[in-house]
A.B. asks: 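Input: one structure, supplied below.
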Amino acid sequence: DTEVTQTPKHLVMGMTNKKSLKCEQHMGHRAMYWYKQKAKKPPELMFVYSYEKLSINESVPSRFSPECPNSSLLNLHLHALQPEDSALYLCASSQGGTSRDEQYFGPGTRLTVT
Amino acid sequence: AQSVTQLDSQVPVFEEAPVELRCNYSSSVSVYLFWYVQYPNQGLQLLLKYLSGSTLVKGINGFEAEFNKSQTSFHLRKPSVHISDTAEYFCAVSPGTYKYIFGTGTRLKVLA
């Protein structure tokens, strides 16, 4: 199984809402990632978890809160978002964190903030 | 600082014609190179990667790429494209732990 799954597929939320994005992989990968992708742009790294610990936070605003409950699951909690946060949010995983490791991407959650 | 340049933002090509998508990188150290494809409304899928060894790398869906260290290039090629190859293609380098540096992407549009 080389699949990364993400739910929901689409999400519309108001600026005062609280919602969560979920990501799951069963490949035994030890590193998991959140990316944000705006239209016609490459993905931008947000967070990296390695062995269930937060390794990288790319200076992401606190209205985005990641969580890694176990080695297979990754959540992104959203609160008080702004319209400019509307984007495709991609989850990825890799075997480890070395530069040789390819990343496996999920299909993404299309987020619209109204 | 390391960077990746994809000079062509869009490449239109007729079906069954060959295509080359260009990628140049700058790096003072050894890097690992990747090509990913993103179909509309989907995540990224790995096409191929160069880690070491043979400079000609074969990937999925009939794509191949050639690593040229002297030219610092990693161009992607396909001898005959299909309509289904229409997608966004990203070149990426992995200079260190966890991080990719992505190029800005090339939109391949295959015309009937």
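Chain naming here is simple, since letters A, B, ... match the order of the sequence lines and numbering starts at 1 in each.
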A.B. asks: Evaluate whether atom CD of B:Glu16 has more than 12 neighbouring non-hydrogen atoms of other residues, nucleotides or ligands under 6.0 angstrom away.
C.D. replies: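 No - once you tally the heavy atoms of other residues, nucleotides and ligands closer than 6.0 Å, there are 12 at most.
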A.B. asks: Check every N and O of chain B against chain A and note each donor-acceptor pair under 3.5 Å, with its distance.
C.D. replies:
unit_1	atom_1	unit_2	atom_2	d
B:Tyr36	OH	A:Gln103	N	3.0
B:Tyr36	OH	A:Gln103	O	2.9
B:Gln38	OE1	A:Gln37	NE2	2.9
B:Gln38	NE2	A:Gln37	OE1	2.8
B:Lys49	NZ	A:Glu102	OE1	2.7
B:Ser94	OG	A:Ser99	O	3.0
B:Tyr98	N	A:Gly97	O	2.7
B:Tyr98	O	A:Gln103	NE2	3.1
B:Tyr98	OH	A:Ser50	OG	2.6
B:Lys99	NZ	A:Glu58	OE1	3.3
B:Lys99	NZ	A:Glu58	OE2	3.0
B:Tyr100	OH	A:Gln103	N	3.0

A.B. asks: Mind checking whether A:Cys23 and A:Val4 have side chains closer than 4.5 Å, heavy atoms only?
C.D. replies: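 Touching, per the 4.5 Å side-chain cut-off.
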A.B. asks: Given the options B:Gly103, B:Gly43, B:Ala92, B:Gly105, which has more heavy-atom pairs under 4.5 Å with chain A than any of the others?
C.D. replies: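 Top count of heavy-atom pairs under 4.5 Å with chain A: B:Gly43.
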A.B. asks: Distance from B:Ser73 atom OG to B:Asn68 atom CG, nearest 0.5 Å?
C.D. replies: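 Here the interatomic distance stands at 4.0 Å.
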A.B. asks: Kindly indicate whether the side chain of A:Phe64, heavy atoms from C-beta on, has any atom under 4.5 Å from the side chain of A:Leu76.
C.D. replies: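 Heavy-atom side-chain distance check passes, below 4.5 Å.
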A.B. asks: Given that the side chain runs from C-beta out, which part of B:Leu44 has a heavy atom under 4.5 Å from chain A: side chain, backbone, both or neither?
C.D. replies: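 Both backbone and side chain.
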A.B. asks: Tell me, do B:Leu48 and B:Phe74 make a side-chain contact under 4.5 Å, heavy atoms counted?
C.D. replies: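 In contact.
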A.B. asks: Between A:Leu81 and A:Leu111, is there a side-chain heavy-atom distance shorter than 4.5 Å?
C.D. replies: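 In short, these two side chains touch, coming nearer than 4.5 Å.
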A.B. asks: As an exercise, state the distance from SG of B:Cys23 to CZ of B:Phe102, rounded to the nearest 0.5 Å.
C.D. replies: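 The CZ atom of B:Phe102 is 11.5 Å from SG of B:Cys23, to the nearest 0.5 Å.
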